[in-house]
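Let me begin by presenting the structure, written as structure tokens, before commenting on it.
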Amino acid sequence: MFEKIKFEYRITFAYLILGLLWIYFSDSILDVLIDNKQILTELQTVKGFAYIFITALLLFLYVKKHSNKLRRALVKAEESDKLKTAFLQNITHEIRTPLNGILGFSKLLQDKDITKEEINEFTDVIRESGNRLLEIVNNVLDISKIETGQIQIFNQSFSINSIVSDLYVKFNSQAAKKGLEFYCHKYLDDVNSLINNDEAKIHQINSNLINNAIKFTKSGRIDFGYEVKDDLVVFYIKDTGIGISPENMKHIFDRFTQVDLSITRGYEGAGIGLAICKGFVELLGGKIWVESDIHKGSTFFFSTPYIRLSKDSKLQENRLNQKSLKIKTTMPYKVVNR
Ligand code: ADP
């Protein structure tokens with residue numbers, strides 16, 4: 001309540017109250033203790049000085065505390081301002097690159113002499129650029145929704161194993177294109193992997209992290225999957241990529257943060273993917289963290305509560321059967337079952 005009143009009102013109010021209390025109580029005590037008028041007058045002077053020193057000291061401590069708070073807020077605001085500017089520059093670049101691709105290649109499509117293969121090649125570039133643009137816009141929307149508290153959690157029953165399989169199918173060719181080995185790991189059998197949670201968000205967090213793992217890995221392998229520990233499902237995405245220095249690991253989940261902000265850094269991205277992951281994980285009641293060795297690789301982890309479904313629910317069994325049917329048609333892939 002007191003904290004809500006503005007600083008200048010608070011300090012004037014405190015000063016007045018202190019002064020009145022001091023005059024009232026000190027005068028009453030002195031009147032009771034001392035009869036001599038001269039001593040009383042001298043003591044009144046000492047009392048006045050004491051009041052000035054004490055209130056000056058209190059005022060100093062109070063203003064100091066408040067100024068430190070203001071200074072910290074100013075530094076934070078300046079940092080956030082710099083990050084936002086860097087983010088805007090970076091996102092402009094990120095948007096311009098696929099847009100140029102779309103404009104350039106759609107112009108090439110108008111050429112009368114192009115072959116059928118060229119048409120396919122150009123439309124592929126246009127589609128990829130369009131998807132990239134959509135991804136950027138979705139990410140910006142997500143981060144602003146997280147910041148304004150507009151994200152909704154949808155609880156539904158689904159199988160973690162199905163998510164792992166879907167993700168494998170989604171990213172396998174992307175990893176293969178870079179010559180990376182790609183493995184997924186399932187800790188539970190299909191029935192025990194049925195849980196209650198927000199399927200879309202868990203899928204999106206994993207997608208962002210796998211996408212980053214592929215992006216920041218030049219050679220080697222990527223392993224992803226999950227384990228169950230103390231009523232938590234812990235997902236992990238391990239790569240043998242460029243790694244992250246201990247200094248950069250501190251800020252890696254802050255919004256707009258990229259380890260290397262220069263436009264020429266050679267990796268696309270707007271620096272909001274991990275902040276979105278962190279926002280989602282926290283909304284799901286979990287934690288996200290990273291272990292990394294620079295130049296050796298990184299492992300990102302995130303946890304969510306393991307809210308298991310009862311085995312005897314017919315509906316869930318059916319859902320699982322439908323899902324596995326869908327996956328079987330899109331296999332084969334490398335799965336390491338525990
Ligand atoms: P971006 O869109 O730039 O990928 P993110 O928020 O996803 O933004 O990641 C922020 C930064 O964290 C990246 O720019 C990169 O420097 C670092 N980073 C993220 N994932 C990895 C990884 N698997 N290996 C190394 N660095 C990573």
Side-chain angles (χ1 to χ4, degrees), residues 79-80 82-98 128-129 131-147 151 167 170-171 174-175 178-184 201-225 235-282 287-302:
E79 252 171 35
S80 164
K82 267 192 221 155
L83 278 175
K84 270 191 185 147
T85 313
F87 168 72
L88 279 179
Q89 280 176 353
N90 197 45
I91 202 127
T92 315
H93 171 79
E94 284 297 315
I95 290 174
R96 206 189 282 149
T97 314
E128 268 172 34
S129 303
N131 281 335
R132 177 76 199 120
L133 275 181
L134 189 65
E135 194 187 310
I136 295 169
V137 173
N138 283 340
N139 276 349
V140 173
L141 265 177
D142 278 344
I143 198 80
S144 56
K145 274 192 193 163
I146 289 173
E147 298 216 340
I151 296 277
L167 287 163
K170 181 175 172 193
F171 287 102
Q174 200 177 320
K178 285 189 81 174
L180 301 171
E181 286 180 64
F182 192 53
Y183 300 99
C184 67
K201 300 222 169 36
I202 291 195
H203 196 283
Q204 192 175 336
I205 302 163
N206 273 301
S207 273
N208 278 353
L209 297 175
I210 297 172
N211 201 28
N212 273 351
I214 297 175
K215 186 160 78 176
F216 295 106
T217 305
K218 287 200 178 89
S219 61
R221 60 185 278 167
I222 286 158
D223 290 82
F224 77 97
F235 289 90
Y236 59 88
I237 297 93
K238 182 175 165 52
D239 66 55
T240 54
I242 59 172
I244 306 156
S245 69
E247 182 50 38
N248 289 325
M249 269 203 280
K250 283 185 223 152
H251 308 288
I252 204 101
F253 295 105
D254 295 350
R255 73 210 154 103
F256 311 145
T257 302
Q258 289 178 326
V259 168
D260 174 7
L261 265 175
S262 61
I263 275 166
T264 51
R265 69 191 183 125
Y267 301 101
E268 62 180 25
I272 44 178
L274 289 181
I276 293 173
C277 291
K278 184 170 183 254
F280 282 177
V281 170
E282 284 173 357
K287 279 190 180 152
I288 185 164
W289 68 100
V290 60
E291 289 169 7
S292 185
D293 268 333
I294 191 103
H295 306 310
K296 285 194 180 144
S298 317
T299 310
F300 282 82
F301 300 90
F302 74 93

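Note that ligands are numbered from 1 as they come in the structure, with each ligand's atoms numbered from 1 the same way.
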Please report whether ligand 1 has a polar contact with G243, defined as an N or O pair separated by less than 3.5 Å (distance criterion only). no
Is there side-chain contact between F301 and E291, with heavy atoms separated by less than 4.5 Å? yes
Ligand 1 to I252, heavy atom cutoff 4.0 Å, flagged ligand atoms 12 (O), 17 (C)
Atom indices of ligand 1, in the order listed, that fall short of 4.0 Å to a heavy atom of I272: 6 (O), 8 (O)
Salt bridge or not for R132 and E128, using N-O below 4.0 Å? no
Are F224 and F182, when compared by the centres of their aromatic rings, separated by less than 6.0 Å? yes
K170 vs S207, side chain to side chain donor-acceptor pair (under 3.5 Å): CA-CA, chis, key distance, verdict: CA-CA 9 Å; K170 181 175 172 193; S207 273; 3.0 Å; yes
Any G241 heavy atom less than 4.0 Å to ligand 1: no
Is any side-chain heavy atom of I244 less than 4.5 Å from a side-chain heavy atom of V290? yes
Less than 4.0 Å is my threshold; does some heavy atom of F253 fall inside it relative to ligand 1? no
Residue portion contacting ligand 1 (non-hydrogen atoms closer than 4.0 Å) for D239: side chain
Does any N or O atom in A275 lie less than 3.5 angstrom from one in ligand 1, N or O only? no
Neighbour count above 12 (heavy atom, 6.0 Å) for K278 NZ: no
Which of the ligand 1 atoms, numbered from 1, are nearer than 4.0 Å to a heavy atom of K215: 1 (P), 2 (O), 4 (O)
Against heavy atoms of I242, which atoms of ligand 1 measure under 4.0 Å? 25 (C)
For ligand 1, note which part of L274 has a heavy atom under 4.0 Å away: side chain, backbone, both or neither. both
Report, in ascending order of atom number, the atoms of ligand 1 lying under 4.0 Å from any heavy atom of I244. 25 (C), 26 (N), 27 (C)
Parallel, tilted or perpendicular: ring planes of F235 versus F302, cut at 30 and 60 degrees: parallel
